[in-house]
Amino acid sequence: MNNEEEFEEDPRFKQCNREFYIVLVLFVVNILLVSVPAMVLGQNKSADEISFVFGLPAWFFWGGIVGSLVFIVLSILTVRFFFKDMSLEAEDEGVAA
Amino acid sequence: MQMDVLMPIIIYLGLTFIVGLLAYRYTKNRKQGFKEEYFVGGRQLGPLLLTFTILASAASAGTFIGSPGVAYDIGFAWVLVLMSQVGMGVYILGVLGKKFAIVARKIDAVTLTDFLRARFESKWIVIGSAIGILIFLGSYMVAQFVGGALILEATTGFPYQAGLLLFGLIVVIYTTIGGFMAVALTDAIQGIMMIVGGIVLWIIFIISTGGFPALAGDLVSNYPELVELPGPGGISSALLMSYFLLFGIAAIGLPHASVRGMAFNNTKTMHRSMMFGGIVMFLFSVGFATLGPFVRLLYPDMENADMALPTLILNIMPGWVAGLVLAAPLAAVMSTVSSMLLVTSSTVVKDIYLNYIRPNAAERSVARLSYFSTLAIGIVIVLFSLTPPEYLQFVVIYAIGGLEATFFSCIVFGLYWRRANKWGAIASMYGGLISYIVLEVLFKNPFGMHSVVTATVFSVLCMIVVSYLTPKPSTHLIRLFWGKGVHAEPVTPQKEGSP
């Protein structure tokens with residue numbers, strides 16, 4: 001075989017890959033934040049066992065509304081602290097066309 | 001005809017039309033190449049336009065009319081399902097990420113198919129993409145137009161077919177002449193319209209009914225099943241999770257959504273959009289669907305659940321306010337259709353004509369052809385919509401699932417896995433597409449999950465197994481996609497293998 005593996009990887013891609021994995025983690029967190037409260041508080045309960053918050057079923061309020069809001073805050077923090085600015089030009093060499 | 005409701009809608013439609021025309025003049029004065037300008041807005045979108053154009057094109061009539069209707073029937077369980085789309089913008093931008101934006105610039109891609117063609121070097125991939133886009137986006141657009149015209153008829157008495165033509169022509173014309181920029185600008189207006197509509201609706205609803213707490217007691221005693229989980233819709237935890245795939249992360253498989261991943265101007269825009277995205281989609285989702293179960297209490301026995309929300313709007317608001325709020329779902333329809341129209345047109349012009357029929361077509365003839373094919377496809381869709389299909393929401397979810405099963409694994413593995421090769425991609429694309437259709441027909445929702453989950457998993461397995469069984473992609477290709485400072489030659493007719 002020739003030396004096909006030898007080339008210099010675009011240095012920006014390391015950060016890109018890291019961000020990709022972070023987003024996958026965020027996805028799992030999103031599912032948990034919404035489903036766990038909803039399932040714990042609501043699954044297979046009859047209507048008279050269900051409590052209400054602001055007129056919404058508690059399982060929906062804590063899972064659907066609060067869970068989603070926490071997710072939104074987490075995604076903002078994630079972008080703020082883990083995502084890095086970089087050039088998007090094809091050749092990352094200073095002046096962009 | 002109810003003129004007081006109709007007037008604000010007409011004014012609003014007129015306004016979108018004018019914005020489309022302005023975008024045309026703007027595009028015309030730009031110096032960039034036609035293709036890049038018409039199909040991805042010259043890659044110059046800022047945060048506001050990017051956020052709204054992603055989310056407004058994803059949030060269709062389903063979010064505003066279909067979902068409140070389903071919630072009317074099966075209760076809060078469906079509203080919970082709908083919350084799975086809150087992260088959609090975060091996922092579309094986060095998964096495709098900067099890498100997609102960089103690679104698109106390296107290889108001069110302006111469509112999703114451009115990317116897949118360059119990455120997998122196979123005409124079968126182009127054909128598969130075109131099939132997926134034409135079948136699923138085509139039926140999706142028909143469902144949207146039908147939904148829009150039905151709402152217009154039900155709420156204002158404007159005849160269905162006349163409404164369809166009026167509505168269809170406006171969308172088709174502004175998309176045709178304005179291209180991507182017109183679509184993005186009108187998406188922003190329409191997105192703002194949807195948020196304002198949702199907020200006005202909530203305020204008036206709460207004032208006129210005394211708010212949710214006042215209604216909750218009656219809801220429990222009259223329709224206890226609507227506040228239960230799984231509820232009458234049988235929303236189990238497995239089904240809920242599969243919707244996170246369908247409405248959440250796999251949305252990158254929607255070609256009209258993923259093309260936006262190449263349209264932003266810089267990483268600051270992308271970051272801001274990811275931050276706004278969740279909030280905007282949250283408002284879209286909560287704003288309308290949450291009211292669905294309560295509407296059941298106020299207007300039981302509705303024949304067509306899709307009319308639940310429009311009926312509520314007409315009954316609790318003065319005519320002209322109702323018109324303004326009803327403009328929101330119509331806006332959702334227009335923003336979705338316009339972006340799909342552009343993708344479908346780009347498939348015909350860019351992916352098929354420029355690749356295989358006339359690779360060296362001159363700029364001017366590409367422009368003429370793009371205008372013409374956008375117009376022609378739009379007209380065909382309008383004609384199809386003249387006789388409406390039944391079960392709109394079903395058509396929409398079916399189409400979303402089909403697109404995702406076709407594209408999801410090719411995009412993700414093409415971007416992040418070097419070993420992914422042509423054969424793996426072909427197996428994965430056709431495997432996903434075909435298994436999805438077969439599952440939907442023969443064994444709908446296997447393992448208690450939506451069919452899209454099984455089809456996507458199958459498609460991913462095909463990608464991995466077949467790629468490992470066949471030779472690695474060429475060094476040249478890997479260098480082009482992963483190497484430092486490499487820029488592809490501008491559109492050369494590619495040598496294709498024979499698969």
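All chains are named by letter (A, B, ...) in the order of the sequence lines, taking the proteins before the strands, and each is independently numbered beginning at 1.
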message = Can you list everything that forms a side-chain hydrogen bond (donor to acceptor under 3.5 Å, both in side chains) with A:Ser75? Sequence neighbours excluded, please.
response = none

task = Can you establish whether the number of heavy atoms outside B:Arg419 located under 6.0 Å from its atom CZ is more than 12?
result = yes

inquiry  = Tell me if the centroids of the rings in B:Tyr416 and B:Trp482 come within less than 6.0 Å of each other.
reply    = no

message = Just so I understand: if I count every heavy-atom pair under 4.5 Å between each of B:Val412, B:Leu240, B:Leu96, B:Thr267 and chain A, which residue has the most?
response = B:Thr267

inquiry  = Quick one: does any side-chain atom of A:Lys14 pair with a main-chain N or O of A:Glu9 as donor and acceptor, under 3.5 Å?
reply    = no

ask   = Given that the side chain runs from C-beta out, which part of B:Phe244 has a heavy atom under 4.5 Å from chain A: side chain, backbone, both or neither?
value = both

query = Based on non-hydrogen pairs under 4.5 Å, which of B:Val90, B:Leu226, B:Asn265 is most in contact with chain A?
reply = B:Val90

ask   = Given that the side chain runs from C-beta out, which part of A:Ile76 has a heavy atom under 4.5 Å from chain B: side chain, backbone, both or neither?
value = both

ask   = For B:Met270, is it the side chain, the backbone, both or neither that has a heavy atom under 4.5 Å from a heavy atom of chain A?
value = side chain

Region of B:Val95 that comes under 4.5 Å of a non-hydrogen atom in chain A = both

query = Under 3.5 Å, is there a donor-acceptor pair between the side chain of B:Arg296 and the main chain of B:Tyr72?
reply = yes

request  = Return the minimal non-hydrogen interatomic distance between B:His271 and A:Val79, and the atom names on each side.
outcome  = CB-CG1, 3.6 Å

inquiry  = Heavy-atom cut-off 4.5 Å, strictly under: side chain, backbone, both or neither for B:Leu82 against chain A?
reply    = neither

inquiry  = Please classify the contact between B:Phe276 and chain A as side chain, backbone, both or neither, with a heavy-atom cut-off of under 4.5 Å.
reply    = neither

Which donor-acceptor pairs under 3.5 Å do side chains of residues 25-41 of chain A form with protein atoms, sequence neighbours excluded?
unit_1	atom_1	unit_2	atom_2	d
A:Asn30	ND2	B:Tyr91	OH	2.8
A:Ser35	OG	A:Ile31	O	2.5

key: Under 3.5 Å donor-acceptor, B:Ser84 side chain and B:Val81 backbone   = yes

task = Flag the one option from A:Glu49, A:Lys45, A:Met86 with the top tally of heavy-atom pairs under 4.5 Å to chain B.
result = A:Met86

query = How would you list, by chain and number, every residue that makes a salt bridge (charged side-chain N to carboxylate O under 4.0 Å, His left out) with B:Lys98, sequence neighbours excluded?
reply = A:Glu19

Heavy-atom pair count under 4.5 Å with chain A, highest-scoring of B:Ser236, B:Pro224, B:Ser237 = B:Ser237

ask   = Within the distance-only criterion (no hydrogens, no angle test), does the side chain of B:Arg260 pair as donor or acceptor with the backbone N or O of B:Thr51 below 3.5 angstrom?
value = no

task = Report the option among A:Phe71, A:Phe60, A:Phe52, A:Trp59 that has the most heavy-atom pairs separated by less than 4.5 Å from atoms of chain B.
result = A:Trp59

task = Look at the aromatic rings of B:Trp417 and B:Phe413 and report parallel, tilted or perpendicular, splitting at 30° and 60°.
result = perpendicular

query = With chain B, which of A:Val53, A:Leu69, A:Thr78, A:Ile22 has the greatest number of heavy-atom pairs at distances under 4.5 Å?
reply = A:Leu69

inquiry  = Would A:Arg18 and A:Phe82 count as a side chain to side chain contact (heavy atoms under 4.5 Å, CB included) here? Give the steps.
reply    = CA-CA 9 Å; A:Arg18 182 179 306 149; A:Phe82 294 101; 5.9 Å; no

message = If the contact rule is any heavy atom under 4.5 Å from chain A, which residues of residues 212-222 of chain B qualify, in numerical order?
response = B:Phe212, B:Pro213, B:Ala216, B:Val220

